[in-house]
Structures are given as structure tokens and as C-alpha cells.
Protein chains: 2
Amino acid sequence: MSIDRKRQIIEAATKSFSLFGYKATTMEQIAKLANVGKGTIYTFFKNKEDLLDEIISALILEIKKEAEQAMNPDRPFSENVHRALYRILEFRQQHQLTARLLQEVRNIGTPAVQEVMKKLDWAIIDYIREKIDIAIKKGEIRDCDAEITAFLMLKTYIALIVDWEKDHEPLTKEKIAQLFELYFLKGLSK
Amino acid sequence: MSIDRKRQIIEAATKSFSLFGYKATTMEQIAKLANVGKGTIYTFFKNKEDLLDEIISALILEIKKEAEQAMNPDRPFSENVHRALYRILEFRQQHQLTARLLQEVRNIGTPAVQEVMKKLDWAIIDYIREKIDIAIKKGEIRDCDAEITAFLMLKTYIALIVDWEKDHEPLTKEKIAQLFELYFLKGLSK
DNA sequence: GATTGACTAATTTGTCCATTTAGTCAGTTT
DNA sequence: AAACTGACTAAATGGACAAATTAGTCAATC
């Protein structure tokens with residue numbers, strides 16, 4: 001019974017955060033939506049921030065699953081890392097909750113949301129880092145600092161997908177894959 | 001005489017913007033510092049934003065000069081582009097005015113300042129783009145979209161110098177040069 | 001003709017007070 | 001007694017209004 005209530009609360013909170021954002025969602029609203037008393041929320045979660053944190057932790061697992069699905073063990077590292085990163089960032093922008101929270105960080109800068117989105121970014125970096133470590137072990141790519149590489153790969157993708165569009169025509173998925181291949185794998189040297 | 005007054009105003013404004021930021025600087029303050037009447041400022045500049053814009057335009061020239069000095073025509077492209085970008089970002093962070101304005105964008109997000117810092121970034125990208133175009137013509141590097149490459153190079157440097165430090169030990173200048181060489185020039189492929 | 005600073009309209013800041021809200025806890029339900 | 005609740009409180013937020021500040025103008029002055 002109590003497990004179910006926790007799920008009800010998480011679902012209600014996710015829905016409300018997705019629709020109105022973190023700041024504009026009140027604990028009473030969540031309680032009403034979840035058909036529980038406000039106090040009940042606090043038996044499962046330390047506070048509002050903790051509730052958001054648990055939701056994001058679950059989302060991180062979901063994102064990893066998405067990325068895993070996008071990859072194909074028969075294809076080379078370069079292709080898989082592109083597919084994984086592209087799928088992750090696509091998910092991040094299309095998923096209602098993350099899209100809303102990204103917007104909230106841009107427009108209001110709610111500290112709790114900023115923190116949790118940073119956690120999400122580092123989870124992505126850590127996930128890519130694992131893939132890079134495997135590729136290095138398998139001899140698919142040069143030896144390099146896997147964490148910095150993963151960090152730069154994410155930054156590069158965000159730059160190409162999000163930042164470039166602010167001043168230019170968006171780049172196609174193929175173009176991005178091609179650019180990524182050129183800079184990260186082949187290098188500019190002749 | 002009037003040329004001199006314009007210089008006085010620019011110097012006063014630069015000093016005040018550097019010390020207090022754009023928003024916290026009043027036109028009256030600038031006039032007092034420059035020993036002119038407030039109205040005189042408006043004979044040289046359309047408005048406060050235009051005054052900041054002229055200062056940044058001059059700064060862009062200064063930054064290009066800095067970059068030019070950091071480079072050595074006898075050395076290869078890879079080394080020069082690193083030297084140029086490193087010097088530019090070092091300048092951007094150490095120069096009183098740019099450091100203050102970058103802080104103002106982060107903390108307050110003053111629109112006029114945001115705009116002008118974006119202009120600065122694109123001037124840097126355009127400068128690097130020219131260097132890349134030359135390197136391509138000379139056959140020093142592969143053919144590639146020079147603008148996107150310059151854009152990604154700046155993003156990469158900012159990521160390594162500014163963003164990485166937020167969660168990790170800062171990277172040394174040598175390490176950054178080495179990472180840049182690895183990712184942009186050599187590529188990860190074996 | 002160049003320069004000025006008092007002036008104005010508009011924005012920003014400060015100060016209330018009313019409302020809202022996160023989190024608690026005494027009491028109710030199961 | 002264990003789980004649950006919603007009235008309650010202290011703190012934060014928001015709105016309304018006045019006071020202060022400021023960007024930009026322009027008639028008077030140099």
C-alpha cells in the first residue's frame with residue numbers, strides 16, 4: 001500500500017513539475033493530485049528538493065536505457081557514441097520534464113533545479129566515460145583521459161545542437177555526426 | 001578638442017564599467033569622471049548602450065592584437081591556434097572590463113551586456129575562422145567548414161578553461177594544449 | 001557651434017502589508 | 001500502533017504604492 005502511495009506522489013509531482021515547473025508547483029498541489037495528505041509526502045521525502053532529486057535519479061536510469069537502445073554492439077565506437085549522445089540530447093529536449101526544467105534554469109535560474117540538471121549532465125558524462133573506457137580497452141581508440149573526453153563530447157554536442165541554432169540554421173543529424181567524426185575521431189591533420 | 005573629450009568620456013566609462021559594471025554605472029557618474037556635462041556624452045554617443053558598444057569594438061581590436069602577438073608565423077597552425085585562443089581567453093578573464101562584464105552576465109544577465117559579450121565571442125570566432133581559412137588554403141589542415149570549426153574551438157577552450165574548473169582541478173596550459181592537439185588535430189582514431 | 005545641467009518621463013528601489021507556501025505535529029483513521 | 005492527515009506556523013513571496021534614481025532632452029550659456 002505505502003509503496004503505491006510513494007509512486008502516486010512521484011507521478012503527481014512529475015506531472016506537475018512537467019506542466020508548471022519546479023518553483024510554480026506547490027506541495028499541496030502535488031498532494032491533491034496524488035490524493036494524499038500533504039504530510040504523507042514528507043514520510044517518503046525529506047523535502048521538496050529531495051522529491052525532485054528522486055525523480056531525476058529515476059530519469060537518469062531511463063536516459064541510460066534510451067542510450068543503450070540507440071547503440072548497436074556490432075557497429076564501431078564512433079557511430080555508437082554519436083547515436084548515444086544524439087539520443088540522450090534529443091530525449092533531454094523532447095521529454096516534457098527535462099524540457100521544462102531546462103527552461104526554468106534559463107528563465108528563472110531556480111538553484112535547486114540548476115543543481116539537479118548539473119547532476120543529470122554529470123550522469124551523462126559518466127555514462128559516456130564508461131563507453132570510452134571500454135573502447136580504449138578494446139583498442140578501438142587511442143588512450144586518453146576518458147572523463148575529459150566524455151565531458152568535451154557532451155559540450156560539443158550541446159554546442160552543435162543547442163548553441164549553434166541560436167545564431168544559425170540548425171544542423172541536420174547527419175551533419176552533426178559527420179562533424180563529430182571529423183573533429184573527435186579523424187582529427188583535422190592531413 | 002572635441003576628439004579629446006570623446007576619449008575622456010570613453011576612458012571614464014571604461015573605468016566605471018570595469019569597477020561597478022554596466023548597470024551600476026550612471027551616465028551622470030561617467031560625466032563627472034570625464035569632467036564634462038551629461039549632455040556632452042550624447043553628442044558623441046546615441047545612448048548608454050552605444051557607448052558600451054564603442055568600447056567593446058575598440059576592445060575587439062585590442063584582443064586581435066594580443067592574439068597576433070601570441071602567434072609565430074614560423075610555427076605550425078596547431079600551435080598558433082592554441083596560443084591565440086589561450087591568449088584571448090586569458091585576456092578575457094584577466095582584463096578588468098571583460099571580467100566584470102562576464103560576471104554581470106552571469107549574476108544579473110543585463111541584456112545590453114549579454115548582447116555585447118556575444119558580439120565579442122563572434123568577433124573571436126570570426127578571427128579564428130580567418131586563421132583556419134588560411135591554414136586550409138596552405139594545405140596545413142583538412143578542408144572543413146571554417147566557421148563551425150572556429151565556433152567549436154572557442155567552445156572547447158571555454159569548456160576546458162572555464163567550465164571544467166567548476167567541478168575539477170584546473171587544467172594546466174600544457175595539458176590544455178595537449179588535449180586540443182589530440183581532439184582537434186590528431187583525432188582519437190588509431 | 002559646442003557645451004551644459006536643470007528638467008521630464010520612465011524605470012527602479014524601498015516599504016509596507018496580504019497572501020502563499022514549505023515543513024511540522026497533534027490528532028484521526030485504519 | 002502504524003500510517004495518514006490537514007490545520008497550523010514561521011518564513012518567504014508578491015503586490016501595491018510612494019520615493020528615489022536615472023536615461024535622455026533641450027533651452028540657455030559659453
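To find a chain, count down the sequence lines: A is the first, B the second, and so on, and within it residues start at 1.
The pair A:Asp126-A:Lys64 fails the salt-bridge criterion, with no side-chain N (NZ, NE, NH1 or NH2) lying under 4.0 Å from an Asp/Glu carboxylate O. Between B:Glu11 and B:Arg7 a salt bridge is recorded (basic side-chain N to carboxylate O distance below 4.0 Å). The pair A:Arg87-A:Glu68 does not meet the salt-bridge criterion, since no charged nitrogen lies less than 4.0 angstrom from a carboxylate oxygen. By the 4.0 Å N-to-carboxylate-O rule, B:Arg129 lies close enough to B:Asp133 to be salt-bridged with it.
The distance between atom NZ of B:Lys6 and atom P of C:dA2, rounded to the nearest whole Å, is 14 Å. Between B:Asp4 atom CG and C:dT3 atom P the separation is 11 Å, expressed in whole Å. Regarding B:Lys32, its NZ atom lies at a distance of 10 Å from the P atom of D:dT22, rounded to whole Å. Distance CZ (B:Phe44) to P (D:dA23): 19 Å, rounded to an integer number of Å. Per the geometry, CD belonging to B:Gln29 stands 11 Å off C1' belonging to D:dT22, to the nearest Å. The separation between B:Ile9 atom CD1 and C:dA2 atom C1' is 12 Å, rounded to whole Å.
For the side-chain contact (heavy atoms from CB on, under 4.5 Å) test, residues two or more places apart in sequence or in another chain that qualify with B:Ala34 are B:Gln8, B:Ile9, B:Ala12, B:Val36. Not counting sequence neighbours, the partners of A:Asp74 by the side-chain contact (heavy atoms from CB on, under 4.5 Å) test are A:Asn72.
OP1 or OP2 of C:dT3 sits under 4.0 Å from a side-chain N or O of B:Arg5.
Side-chain polar atoms of A:Thr43 and A:Lys6 form no donor-acceptor pair below 3.5 angstrom.
With B:Lys48 contributing its side chain and B:Thr25 its backbone, the two residues share a donor-acceptor pair below 3.5 Å. With hydrogens and angles disregarded, no donor-acceptor distance shorter than 3.5 Å links the side chain of A:Glu54 to the backbone of A:Phe45.
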Reading 5' to 3' and counting Watson-Crick or G-U wobble pairs with both distances under 3.5 Å, write the dot-bracket notation for DNA chain C, | for bases paired outside the strand. ||||||||||||||||||||||||||||||
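Rounded to the nearest 0.5 Å, atoms CD (A:Gln178) and OH (A:Tyr183) are 9.5 Å apart.
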Base contacts versus sugar-phosphate-only contacts with protein, heavy atoms under 4.0 Å: please encode nucleotides 19-25 of chain C as B, S and - from 5' to 3'. --SBBB-
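Listed by residue number, the members of residues 13-20 of chain A with any heavy atom below 4.0 angstrom from DNA chain D form an empty set.
In the hydrophobic clustering, B:Phe20 connects to B:Leu19, either directly or through intervening members, whenever side-chain heavy atoms lie under 4.5 Å apart.
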